[in-house]
Amino acid sequence: MWSRLTVLLLTLLLGLVACTPLYVVHPARTPALNLQGPPPDVVIFSMSGRCGPPCLAPRDNWDYLGSRGTLDRLADVFTAAGYRVQVSGYASNAAATFSSEYIGGPQRGYEALRSDFARVAQTWMKAARPPRLVLLGHSQGSVWLHHLARVHPYVPVALQVDLDGICVAWKSDFGEGIRELGSVYGDEPSPLQACDAFTVAGRTVGAKDIVWPNVALDLEVQSKRLPARPGVSGGWPVNYLFEVTPNVRLDGTRTGIERFISSREDHSAISFPNSDALAWVAGKAAAIAQQWQAEDARLDRIKPGR
């Protein structure tokens with residue numbers, strides 16, 4: 001029989017484990033979005049996707065793109081080009097804020113993103129030198145961001161980065177939370193429609209695969225289809241979920257869209273900062289930053305000290 005001390009120690013250990021969050025959230029090192037201050041040169045909004053087992057989505061979804069350094073990896077490209085960058089990361093959930101005993105701190109969802117984006121549009125984007133807006137999404141997070149661009153057609157987005165945008169479990173995950181918000185969306189399409197089908201150039205395309213007219217450039221990454229030895233970002237030899245449909249414009253063209261299929265990385269692995277996927281994104285973003293510098297020079301918009 002176990003001694004009383006053994007039982008006590010086991011009980012304490014189980015209690016500690018139960019109180020330990022599954023996900024420890026670390027803030028991004030890039031300056032956070034500060035709507036009370038002057039506008040930066042670039043603002044990056046990121047939305048993470050569905051958490052993996054043993055979590056319960058969407059209750060336990062969290063901002064892993066910010067926490068694991070993926071958001072910083074993209075921000076670093078623009079910082080290196082001399083731009084002042086601010087970032088804001090969100091978790092895949094309809095609510096403005098939510099929490100779970102499995103997450104190390106409260107999380108901000110789509111309603112917070114929508115509010116922040118609208119405030120930027122109403123203030124900084126009306127300035128003489130508005131910031132360039134960048135959207136970075138993974139999995140379901142990419143779907144939220146495509147919907148965000150769709151319902152803000154007059155807000156220019158300089159760059160959208162999609163990491164394996166997936167609609168799996170969309171309505172079952174978010175239907176209840178979206179309906180609980182009632183009429184908050186007014187006349188704009190509800191996020192429940194974020195995975196609806198559209199007819200584009202005679203074929204059916206999901207809303208998440210449409211690069212809306214207000215988005216200037218789009219970089220799309222899709223994870224591997226065939227079994228392959230994982231790269232340095234980890235993952236499994238066999239991919240469990242992947243996107244196959246290429247992004248497209250409403251006119252059926254792929255103007256301003258580039259795609260990369262990561263042959264070594266699964267659906268989760270592409271979202272890490274050391275992935276082949278992010279190396280490709282960073283390289284393309286660096287070239288885009290050079291284009292922006294040339295545009296700024298032509299428009300005589302370069303600020304002192306850059």
Side-chain angles (χ1 to χ4, degrees), residues 44 46-50 52 64-65 68-74 76-77 92 134-147 149 157-170 194-195 197-198 200-201 203-212 215-289 291:
I44 306 177
S46 76
M47 176 70 88
S48 299
R50 204 173 197 263
Y64 55 76
L65 291 177
R68 64 180 51 152
T70 311
L71 179 52
D72 284 324
R73 177 77 191 275
L74 181 58
D76 286 347
V77 173
S92 191
V134 177
L135 305 180
L136 168 65
H138 174 237
S139 193
Q140 288 179 338
S142 180
V143 180
W144 285 110
L145 291 175
H146 273 254
H147 183 75
V157 174
L159 172 64
Q160 182 157 14
V161 179
D162 298 311
L163 305 176
D164 236 13
I166 294 290
C167 270
V168 172
W170 184 260
C195 291
F198 280 71
V200 174
R203 65 190 184 93
T204 301
V205 177
K208 72 171 180 63
D209 299 311
I210 296 174
V211 179
W212 301 95
V215 178
L217 300 171
D218 179 78
L219 299 176
E220 181 181 22
V221 174
Q222 296 180 349
S223 59
K224 64 186 178 185
R225 292 97 157 89
L226 302 175
R229 179 177 295 178
V232 294
S233 60
W236 300 94
V238 177
N239 200 1
Y240 54 93
L241 188 67
F242 52 87
E243 164 70 313
V244 295
T245 305
N247 285 349
V248 67
R249 296 284 184 178
L250 283 173
D251 62 1
T253 70
R254 302 191 70 246
T255 304
I257 301 172
E258 294 190 65
R259 182 172 65 144
F260 171 71
I261 300 174
S262 185
S263 62
R264 298 194 300 169
E265 295 168 333
D266 67 20
H267 181 70
S268 177
I270 63 169
S271 70
F272 283 83
N274 62 342
S275 64
D276 297 344
L278 262 294
W280 179 81
V281 168
K284 291 294 181 179
I288 291 168
Q291 295 173 13

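We use all heavy atoms of the structure for the numbers below, so side chains are in, but hydrogens, waters and symmetry mates are not. Starting from 1, each residue takes its place in the sequence as its number.
Heavy atoms only, all atoms of each residue included: Ala194 and Val143 are closest at CB-CG1, 3.8 Å. Listed here is the closest heavy atom pair of Arg259 and Val244: NH1-O, 3.7 Å. Heavy-atom minimum distance, Cys167 versus Lys208: SG-CD, 3.5 Å. Listed here is the closest heavy atom pair of Ala207 and Phe198: CB-CE1, 3.7 Å. Ala269 and Gly234 make their closest contact through CB-O, 3.4 Å (heavy atoms, listed as atom of the first residue, atom of the second, distance). Gly235 approaches Pro230 most closely through the heavy-atom pair O-CG, 3.6 Å.
Atom CG of Asn247 is separated from atom CD1 of Ile257 by 5.5 Å, given to the nearest 0.5 angstrom. Between the CG atom of Leu65 and the CG atom of Leu278 there is a distance of 8.5 Å, given to the nearest 0.5 Å. Here Leu135 contributes atom CG and Leu219 contributes atom CG; the two are 11.5 Å apart, rounded to the nearest 0.5 Å. Between atom NZ of residue Lys224 and atom CD1 of residue Ile261 there is a gap of 13.5 Å, rounded to the nearest 0.5 Å. Separation of atoms CZ (Arg249) and CZ (Arg254) is listed at 10.5 Å; rounding is to 0.5 Å. A distance of 7.5 Å separates CG in Leu159 from CG in Asp218, rounded to the nearest 0.5 Å.
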Stepwise side-chain contact (heavy atoms from CB on, under 4.5 Å) check, Tyr64 with His138
CA-CA 10 Å; Tyr64 55 76; His138 174 237; 2.6 Å; yes
Could you check Val248 against Arg203 for side-chain contact (heavy atoms from CB on, under 4.5 Å), going step by step and ending with a plain yes or no?
CA-CA 11 Å; Val248 67; Arg203 65 190 184 93; 4.0 Å; yes
Report the C-alpha distance between Glu243 and Asp209 in whole Å, list the side-chain angles of each, state the deciding distance to 0.1 Å, and finish with yes or no for side-chain contact (heavy atoms from CB on, under 4.5 Å).
CA-CA 10 Å; Glu243 164 70 313; Asp209 299 311; 2.7 Å; yes
Quick one, Leu163 with Leu136, criterion side-chain contact (heavy atoms from CB on, under 4.5 Å). Give me CA distance, side-chain angles, the key distance, then yes/no.
CA-CA 8 Å; Leu163 305 176; Leu136 168 65; 4.1 Å; yes
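Checking side-chain atoms of Tyr240 against main-chain N and O of Asp266 turns up no donor-acceptor pair under 3.5 Å. At distances below 3.5 Å, at least one donor-acceptor pair connects side-chain atoms of Glu265 with backbone N or O atoms of Ala277. His146 places a side-chain N or O within donor-acceptor distance of the main-chain N or O of Ile210, the cut-off being under 3.5 Å. For the pair Ser275 (side chain) and Ile270 (backbone), a donor-acceptor distance under 3.5 Å is present.
Annotation: side chain of Asp72 is not in contact with side chain of Pro273 (no heavy-atom distance under 4.5 Å). A 4.5 Å side-chain heavy-atom check between Arg68 and Ser271 finds at least one atom pair inside the cut-off.
Using a 30° and 60° split on the angle between ring planes, Trp170 and Trp144 fall in the tilted class, from 30° to 60°.
Screening Ser262, Ser139, Ser223 for a side-chain hydrogen bond (donor to acceptor under 3.5 Å, both in side chains) with His267, the sole residue that qualifies is Ser139.
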